[in-house]
Each structure stands twice: as structure tokens, then as C-alpha cells.
Amino acid sequence: MMGSDENFDIVVVGAGPVGLSFAASLAQSELKVAVVEQNTFYSLANPAFDGREIALTNASIRTLRELGAWDVIPASDKSALQGARVLNGSSAFALRFDPPSNSGEPLGVLVPNCRIREALFKIVRLQDRARLLCGHSVVDATNSQEGAVVTLSNGARLTARLVVAADSRLSATRDLLGIGADINRLGHSMLICRVRHERAHHQIAIEWFDHHQTIAILPLAEGVSSLLLTLRSNEAYRLLAFDDDLFLSELTKLCRGRLGKMTLASKRHTYPLVTTWAHKFRAPSAALIGDAAIGMHPVTAHGFNIGLSSQKQLARGIMTACRDGRNVGDPDMLHIYERRLRLSAAPLYHATNILVGLYSRDHLAARLARHLGLRFAQHVPLVRHGISAELQR
């Protein structure tokens, strides 16, 4: 329970993986932190499987390990990614991405989104100075150089020296703070499910750009993969309505029998595709992290890694400001945070959008450009190894 007014150093809006990891990153400080989440305490402590498998880079794994969350995730929920292949239409050619032969590490590790959330929730629950305020949404937020005031749906008012929005790519808090964003509703949706299949995946992920669709096959346990189909939204919902037998028959056709006979290993989930880029990543006494700042297209599987990096950069800036005796909402610190995030994320964000544009077109010139582009990348080691290094860094 809390009174109608309460003071905090930092109020974080959103208890998704990035919001929770940000709160966990501040564990070594003396800062009083509130994490506001509209979902219930029970749903945070026991997150349901939502179909999403997160491809973690080695840098993200190191961050989760530093926060104490990596070892909380069961080993059975970690699937090593030993390579990736990119296919175009019916062509047998595949662009290959493999970890360097002398690295001794996989290209990445696949972990269910719900297991990451669960682990980070357990870490934050152990923090003495972090408060989880569940079951309430933010209905108002005002900010100035002197601080911020957040009003919750139960009428409580939280004052803070800094408010941090981490409440999704369609962030209501971002809107309340007066920060605009480029929002691109793509008219496509992802349909995701786990399947058991007869053919081995050899821990190799496949990104297959086919006509009017994209299929990602993510290897999990032996004989189990996560399938992500990117389709026009009306087609995705048509498949969602099929019974299991008809759905599996259609899925086998779409995958052209690549995995052999399949059976469902989970429920089906759909998500509309929306990309976002906030016009600013900070405002007086306010900052954006995760999807509230940058909502990536999932085709590169890099959105969560950027979000995890953004919270780490902001937390590091705040800790430095505290050591220097400055305010946690110091304008210069927030300006540096914004500049660094923009520089690090913009190339991948815009390159991904160009890639999506190229691969979502189905006319002959686009198909030829894709084919030539994949062969160019395969035969120019600087391109291919550079991407692999980015995934491994």
C-alpha cells in the first residue's frame, strides 16, 4: 500500500525485460526506484509462454550474467545457435553465418522471452530499494528540469528526479511526456508456434525470404523448432483460425517440407508488426529505453539486444552522475546517453528497414536484387564476417 503521494529518485514505467533489467542495473546504488506495471504481480512472477524466442548476443548474455539473471534461467531453456542461413525464394543458394572457428562460442543463444522476464523479476524482487507497483497504469506524467510527477490509475502521485519509459513501442508514457515517434504499421503480422519435426536442425537458424512471406526457423531442443511466419495480417489471422490438422498441413506447404513431418508443440501466437523510432530519447527529467525508444523489425532478431544495451548505457550514466554528486536527471548525462544510443542503433535500424523493404517486394527486379545481394555478401568476407562479429560481440 502507498499514500497518495510518494517520492522516488527514479520511476520506471514498464516491467518488461528491459524495464526490469534497468531496475536490476541500479541495484548497487542507494537510489530509491519504483517500477510501475499495469499487469498483476502474479503475472509478473509467473509469465506465460508467449511464443517469442529471444536470440541473445554474447554481449547481452554478459549483461544478464552481470545482473545475476543468466544463472537463474534453467539450462533446458537455453538453445545454442551454431549458425544461420539466409535463403531467397526457391533458390538453393544460402548465405551462411557461422561463428569464427577459433572462438569456442556459439553465434548466440535462444531463450524464451518469458524465462528472461521471470529471471529478471526474481532479481528485482530481492532489491531492498526497488518497489514494484503492479496492477496500475500511468494516466498522467509531467516533467520539467526540477523533476517529474507520475499519476497512476488508482490516483496515487509519484514524484521523481527522473522518469524512465520502458512501456512498449506504442508507449503511452512517451506520448504523455510530449515525445513524438515515427510509427510504421507494416500491415503484416508474425504468427509464431513451436513444432516438433522429423528432420534435424543441427542448431542452425534459417531466415527464408519467400514470395509474399518470410519464414524464420529457430532451433531449440533436438527435433523442436520455433517457426515465425511473417505474412499479411489477414493471411496470418486466416491461418490462426484453422484447426490443428489443417494448420499443420498449410504450414508444411509453406515450409515446402523442409522440416519433414511436423506436430504442434505449443499454442499459436500472433503479433502485428510495428516499427518505431522516437524523435528524442530524452526530455527534461525523463528518458526512454527499450522499445519505447526504438522498436526494431524482428527480421534481424536484434531488438531486445539493443534494448538491453540502452538500459545499460543509461544506468551507467546515472551511476556516474551519482558518483560525481550530480542529479540522476542531469541534462548533460541524458544528452550523452541519447547521442550514444542514436549512434549505436541508427545504422542497424535503418539498414534493417531497407532490408525489409527489399525483401517485402515480390516483383522480378526485387527478387533478382535479393539473389545478387546474397551472393555478393557470401563472397565478400568483410561483410559476412562483420555481421557474424556483430552477433557475437
Side-chain angles (χ1 to χ4, degrees), residues 8-35 54 56-71 116 119-121 123-124 126-130 143 145 147-148 160-167 173-174 177 179 278 280-294 296 302-349 390 392-393:
F8 293 91
D9 294 303
I10 299 174
V11 170
V12 185
V13 183
V18 173
L20 289 172
S21 61
F22 177 65
S25 293
L26 299 173
Q28 303 305 315
S29 73
E30 294 297 315
L31 298 171
K32 186 179 179 182
V33 179
V35 182
I54 306 300
L56 296 169
T57 63
N58 291 315
S60 291
I61 293 170
R62 287 193 296 272
T63 297
L64 292 175
R65 184 173 279 119
E66 291 165 3
L67 297 177
W70 183 247
D71 293 333
I116 298 173
L120 287 166
F121 176 82
I123 297 301
V124 174
L126 297 175
Q127 292 179 215
D128 293 333
R129 296 183 65 81
N143 60 303
Q145 295 293 355
R161 293 192 285 163
L162 179 69
V163 61
V164 177
D167 56 340
T173 308
R174 182 182 65 213
L177 293 169
I179 300 175
K280 298 186 295 181
F281 301 151
R282 47 106 189 193
S285 303
L288 311 182
I289 59 175
D291 280 355
I294 302 165
M296 290 281 295
H302 226 51
F304 177 78
N305 297 298
I306 289 178
L308 199 61
S309 175
S310 71
Q311 69 79 24
K312 185 174 183 178
Q313 291 179 54
L314 181 59
R316 187 176 291 167
I318 289 170
M319 300 287 274
T320 300
C322 288
R323 285 195 297 269
D324 295 343
R326 292 179 287 140
N327 184 8
V328 296
D330 178 72
D332 291 337
M333 180 274 293
L334 293 177
H335 173 72
I336 293 171
Y337 160 72
E338 178 180 52
R339 184 182 66 202
R340 288 177 175 172
L341 179 57
R342 193 177 296 277
L343 287 173
S344 62
L348 184 58
Y349 177 83
E390 174 64 20
Q392 280 214 308
R393 67 177 178 81

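What's counted below: heavy atoms across the whole structure, side chains too, no hydrogens, waters or symmetry copies.
Taking the side chain as every heavy atom from C-beta outward, Met319 and Leu26 approach each other to under 4.5 Å. Counting heavy atoms from C-beta outward, Leu67 and Ser25 have side chains that approach closer than 4.5 Å. No side-chain heavy atom of Thr57 sits less than 4.5 Å from a side-chain heavy atom of Leu308. Phe22 is not listed as a side-chain neighbour of Val18, based on a closest heavy-atom distance of 4.5 Å or more. Residues Asp291 and Met296 form no side-chain contact, since every pair of their non-hydrogen atoms from C-beta on lies 4.5 Å or further apart. Between Leu288 and Arg174, some side-chain heavy-atom pair lies under the 4.5 Å cut-off. For the pair Ile289/Tyr337, a side-chain contact is recorded, criterion being any heavy-atom separation below 4.5 Å from C-beta on. By the 4.5 Å heavy-atom criterion applied to side chains, Ile306 and Tyr349 are not counted as neighbours.
Checked by atom type and distance alone, the side chain of Ser310 pairs as donor or acceptor with a backbone atom of Gly290 at under 3.5 Å. One N or O on the side chain of Asp167 and one on the backbone of Thr173 form a donor-acceptor pair closer than 3.5 Å. Of the possible polar contacts, none joining the Asn143 side chain to the Ala148 backbone as a donor-acceptor pair under 3.5 Å is found.
For the side chain to side chain donor-acceptor pair (under 3.5 Å) test with Ser309, the passing option among Gln311, Lys312, Gln313 is Gln313; the others fail. Only one option out of Ile318, Val11, Asn327 pairs with Leu162 in a side chain to side chain contact (heavy atoms under 4.5 Å, CB included); it is Ile318.
Between Arg161 and Asp9 a salt bridge is recorded (basic side-chain N to carboxylate O distance below 4.0 Å).
Atom CD1 of Ile179 sits about 10.0 Å away from atom CZ of Phe281, to the nearest 0.5 Å. Of the inter-residue distances, the one linking Leu126 atom CG with Phe121 atom CZ reads 10.0 Å to the nearest 0.5 angstrom. With values rounded to the nearest 0.5 angstrom, Phe304 atom CZ is found 6.0 Å from Leu56 atom CG. For the atom pair OG (Ser21) and CD (Glu66), the distance works out to 11.5 Å, reported to the nearest 0.5 Å.
Side-chain contact check for Ser60 and Asn305: at least one donor-acceptor pair (N or O, by modelled atom type) lies under 3.5 Å.
Not counting sequence neighbours, Ser344 has no partner by the side-chain hydrogen bond (donor to acceptor under 3.5 Å, both in side chains) test. Shown here are the salt bridge (Lys or Arg N to Asp or Glu O under 4.0 Å) partners of Asp332, two or more places apart in sequence or in another chain: there are none. Remark: Arg342 pairs with Glu338 by the side-chain hydrogen bond (donor to acceptor under 3.5 Å, both in side chains) rule, at least two apart or across chains.
Contact record, Val35 with Ala23: CG2-CB, 3.8 Å, taken as the closest heavy-atom pair. Nearest heavy atom pair, residue Ala69 against residue Ala119, reads O-CB, 3.6 Å. Pairing each heavy atom of Ile294 with each of Ala345, the nearest pair is CD1-CB, 3.4 Å. Of all heavy-atom pairs spanning Gly68 and Ile123, the tightest one is O-CD1, 3.4 Å. Heavy-atom minimum distance, Ala287 versus Leu314: CB-CD2, 3.8 Å. Nearest approach of Ala283 to Leu334, heavy atoms of both residues: O-CD1, 3.8 Å.
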- Going through the checks in order, is the side-chain contact (heavy atoms from CB on, under 4.5 Å) test met by Leu64 and Asp71? CA-CA 9 Å; Leu64 292 175; Asp71 293 333; over 6 Å; no
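No more than 12 heavy atoms of other residues, nucleotides or ligands shown are found within 6.0 angstrom of CZ on Arg316.
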